[in-house]
Amino acid sequence: MEMIECQMLGQPTMRAALTVPSRPLARASLVLALVLALPMGGNAMAETLNFDNASAGTAPAGWTLTMTGKGEPKWSVEAEPTAPSKPNVLKQSGRATFPVAIKSDTSIKDGFVEVKFKAVSGSEDRAAGIIWRAKDADNYYVVRANALEDNVVLYKTIKGVRSSLEIVGRKGGYGVKTPVPSGQWHALRCDFAGSRFKVTFDGKPLFEVEDTTIPDAGMIGLWTKADSVTLFDDLTYGETR
């Protein structure tokens, strides 16, 4: 028996204990059947990726593993005993201006993206981020948490140039100060609808941003900076309709 989780946007996670086929195709078919059987109510289903069906040391299928800027990023699936959902995580251990991993088959205009991450090391930077409405590796929104600076900041990246965005209700400043301890698992989330973006860190709403630079649907993904060694697990995303 295995526990399957399905979540409606804005609704509690639904859990059911089921006998799940071991073959990936059969497993995917079962989960899809569960999704179709649930009442949608105008909301989209959330999909969670935990990288556990990939072999350790490989690149996950369906991803563009790249960067903004220059360098040599290294994205790979690795076994991790502390993973929130064992056994695997997606690890970034290379070095680049901004290592980026884009989920190639996604296209979301309004919805959310959330991930669990652990900042392991990095002397220049120690960051983890999520991206949305990405056109490519040079054009997207990103919110990131930084364990060296103990803050969370939302940016837009246009033609490879990153600019921080002002927080609604506050003039100036740079993101929000909040503890981001290294070596611990955290949860980073952004809900986005139209020009409004709402950021949540470890279950606590932090701030909102307004921006109209990228209004159209785009891909979601993951992000780090410089020499950050970062682990990612349980990437959850969905679209509101």
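Numbering of residues begins at 1 and proceeds along the displayed sequence. Computed from a predicted model, the values in this text were never measured in an experiment.
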Novice: Are F98 and M67 side-chain neighbours, meaning at least one heavy-atom pair lies under 4.5 Å?
Specialist: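 Counting from C-beta outward, F98 and M67 never come under 4.5 Å.
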Novice: Within the structure provided, determine whether V199 and V152 are in side-chain contact (heavy-atom separation under 4.5 Å).
Specialist: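 Touching, per the 4.5 Å side-chain cut-off.
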Novice: When you compare the side chain of D211 with that of S195, does any pair of heavy atoms fall below 4.5 Å?
Specialist: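 Of all side-chain heavy-atom pairs linking D211 with S195, none is under 4.5 Å.
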Novice: Below 4.0 angstrom, N of the basic side chain to O of the carboxylate: do K225 and D125 qualify?
Specialist: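 Yes.
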Novice: Any link between L188 and I108 through a network of hydrophobic side chains (Ile, Leu, Val, Met, Phe, Trp, Tyr) touching at under 4.5 Å?
Specialist: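 Hydrophobic grouping puts L188 with I108.
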Novice: Could you tell me the separation between the CH2 atom of W75 and the OG1 atom of T58, rounded to the nearest 0.5 Å?
Specialist: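 Going from CH2 on W75 over to OG1 on T58, the span is 14.5 Å.
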Novice: Could you measure the distance from the OG1 atom of T200 to the CG atom of L206? Nearest 0.5 Å is fine.
Specialist: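 If I round to the nearest 0.5 Å, the distance is 7.0 Å.
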Novice: Apply the test side-chain contact (heavy atoms from CB on, under 4.5 Å) to residues T236 and V113: give CA-CA distance (whole Å), side-chain angles for both, the deciding distance (0.1 Å), then the verdict.
Specialist: CA-CA 6 Å; T236 305; V113 59; over 6 Å; no
Novice: Can you tell me if N88 and N50 form a side-chain donor-acceptor pair at under 3.5 Å?
Specialist: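 No, no side-chain donor-acceptor pair sits under 3.5 Å.
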Novice: Check whether any side-chain heavy atom of V143 lies under 4.5 Å from a side-chain heavy atom of F201, and answer yes or no.
Specialist: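 No, side chains not in contact.
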Novice: Atom CG of D136 and atom NZ of K159: how far apart are they, to the nearest 0.5 Å?
Specialist: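 Nearest 0.5 Å value for the CG-NZ distance: 11.0 Å.
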Novice: Which pair of heavy atoms, one from L148 and one from N146, lies closest together, and at what distance?
Specialist: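 Closest approach of L148 to N146, heavy atoms only: N-OD1, 2.7 Å.
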Novice: Nearest 0.5 angstrom please: E208 CD to L165 CG, how far?
Specialist: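 That separation rounds to 13.5 Å.
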Novice: Quick one: does Q92's side chain have a donor or acceptor within less than 3.5 Å of a partner on K74's backbone?
Specialist: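 Judged by distance alone, yes, a pair lies under 3.5 Å.
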Novice: Tell me yes or no: between the side chains of T48 and Y237, is some donor less than 3.5 Å from an acceptor?
Specialist: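 No pair is found: no donor N or O on one side chain lies under 3.5 Å from an acceptor on the other.
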Novice: Applying the 4.5 Å side-chain criterion to the ILVMFWY set and letting contacts propagate, would V115 and I220 be lumped into a single cluster?
Specialist: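 Yes, because V115 and I220 connect within a single hydrophobic cluster, where side-chain heavy atoms sit under 4.5 Å apart.
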Novice: Give the minimum heavy-atom separation between S85 and D234, together with the two atoms involved.
Specialist: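 Reported closest heavy-atom pair: OG-OD1, 2.6 Å.
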Novice: For H186 and D202: C-alpha separation, side-chain torsions, deciding distance, then whether side-chain contact (heavy atoms from CB on, under 4.5 Å) applies.
Specialist: CA-CA 6 Å; H186 303 280; D202 282 345; 2.9 Å; yes
Novice: Which heavy-atom pair separates C190 from L154 by the least distance, and what is that distance?
Specialist: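 Smallest heavy-atom distance, with atoms named: SG-CD1, 4.5 Å.
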Novice: Of all heavy-atom pairs between G129 and F232, which one has the smallest distance, and what is that distance?
Specialist: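 So the minimum-distance heavy-atom pair works out to O-CE2, 4.0 Å.
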Novice: One pair to check against salt bridge (Lys or Arg N to Asp or Glu O under 4.0 Å): R95 and D227. What are the steps and the verdict?
Specialist: CA-CA 5 Å; R95 186 186 183 103; D227 63 343; 3.8 Å; yes
Novice: Would V142 end up clustered with I158 when hydrophobic side chains under 4.5 Å apart are linked, directly or stepwise?
Specialist: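 Shared cluster, no.
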Novice: Search all heavy atoms of A147 against all heavy atoms of D150 and return the closest pair with its distance.
Specialist: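 Looks like O-OD1, 3.8 Å.
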Novice: Would the distance check show the side chain of T68 and the main-chain N or O of A137 forming a donor-acceptor pair, the cut-off being under 3.5 Å?
Specialist: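 The answer is yes, because a donor-acceptor pair under 3.5 Å joins these two groups.
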Novice: If Ile, Leu, Val, Met, Phe, Trp and Tyr residues are connected whenever their side-chain heavy atoms lie under 4.5 Å apart, and connections chain through other members, are F197 and I130 in the same group?
Specialist: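 Same cluster: F197 reaches I130 through Ile, Leu, Val, Met, Phe, Trp or Tyr contacts under 4.5 Å.
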Novice: Would you call the rings of F192 and W132 parallel, tilted or perpendicular, taking 30° and 60° as the class edges?
Specialist: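 If you compare the ring of F192 with that of W132, the planes turn out parallel.
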Novice: Does any donor atom in the side chain of S104 or W63 lie under 3.5 Å from an acceptor atom in the other side chain?
Specialist: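 No.
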Novice: Counting C-beta onward and ignoring hydrogens, is there a side-chain heavy-atom pair between V120 and T230 closer than 4.5 Å?
Specialist: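 Side chain of V120 against side chain of T230, heavy atoms only: no contact under 4.5 Å found.
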Novice: Are L90 and W223 connected in the hydrophobic side-chain network, where two residues link if heavy atoms are under 4.5 Å apart?
Specialist: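 No; W223 is not reachable from L90 via cluster members.
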Novice: Given the rule in the side-chain contact (heavy atoms from CB on, under 4.5 Å) test, do T224 and L222 qualify, once you have shown the distances and angles that lead to the verdict?
Specialist: CA-CA 7 Å; T224 69; L222 302 170; over 6 Å; no
Novice: Go through the side-chain N and O atoms of K118 and T82 and say whether any donor and acceptor fall under 3.5 Å apart.
Specialist: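 Note: K118 and T82 side chains meet the donor-acceptor criterion.
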Novice: Using atom types as modelled, flag every donor-acceptor pair under 3.5 Å from a side chain in residues 171-182 to any protein atom, sequence neighbours excluded.
Specialist:
from: Y174; atom 1: OH; to: R144; atom 2: NH2; distance (Å): 3.4
from: Y174; atom 1: OH; to: Y155; atom 2: OH; distance (Å): 2.3
from: K177; atom 1: NZ; to: E149; atom 2: O; distance (Å): 2.6
from: S182; atom 1: OG; to: R126; atom 2: NH1; distance (Å): 3.1

Novice: Would D110 and R133 pass as an ion pair if we require N to O under 4.0 Å?
Specialist: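 Here D110 pairs with R133 in a salt bridge, since their nearest N and O are under 4.0 Å apart.
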Novice: For A217, give me all partners under side chain to side chain contact (heavy atoms under 4.5 Å, CB included), at least two apart in sequence or on another chain.
Specialist: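 Partners of A217 under the side chain to side chain contact (heavy atoms under 4.5 Å, CB included) test: S107, K109.
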Novice: Counting heavy atoms not belonging to K103, are there more than 12 under 6.0 Å from its NZ?
Specialist: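 More than 12 heavy atoms, drawn from other residues, nucleotides or ligands, come within 6.0 Å of this atom.
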Novice: Between E210 and R196, is there a side-chain N and carboxylate O pair less than 4.0 Å apart?
Specialist: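 Yes, charged N to carboxylate O under 4.0 Å.
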Novice: Considering all heavy atoms of both residues, which atom of S164 and which atom of V153 are nearest to each other, and what is their separation?
Specialist: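 Smallest interatomic distance, heavy atoms only, reads CB-CG1, 4.0 Å.
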Novice: What's the spacing between F51 CZ and K91 NZ if we round to 0.5 Å?
Specialist: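 Here the rounded value is 14.5 Å.
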Novice: Given 3.5 Å as the limit, does a donor-acceptor pair link the side chain of Y141 with the main chain of T213, or not?
Specialist: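 Yes: the side chain of Y141 pairs with the backbone of T213.
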Novice: Rounded at 0.5 Å granularity, tell me how far CZ in F117 sits from CG in L235.
Specialist: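 One finds 13.5 Å between CZ of F117 and CG of L235.
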Novice: Of all residues at least two apart in sequence or in a different chain, which pass the side chain to side chain contact (heavy atoms under 4.5 Å, CB included) check with K135?
Specialist: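 Partners of K135 under the side chain to side chain contact (heavy atoms under 4.5 Å, CB included) test: N139, I214, D216.
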Novice: Could you check whether K116 pairs with D233 (Lys NZ or Arg NE/NH1/NH2 to Asp/Glu carboxylate O, under 4.0 Å)?
Specialist: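 No.
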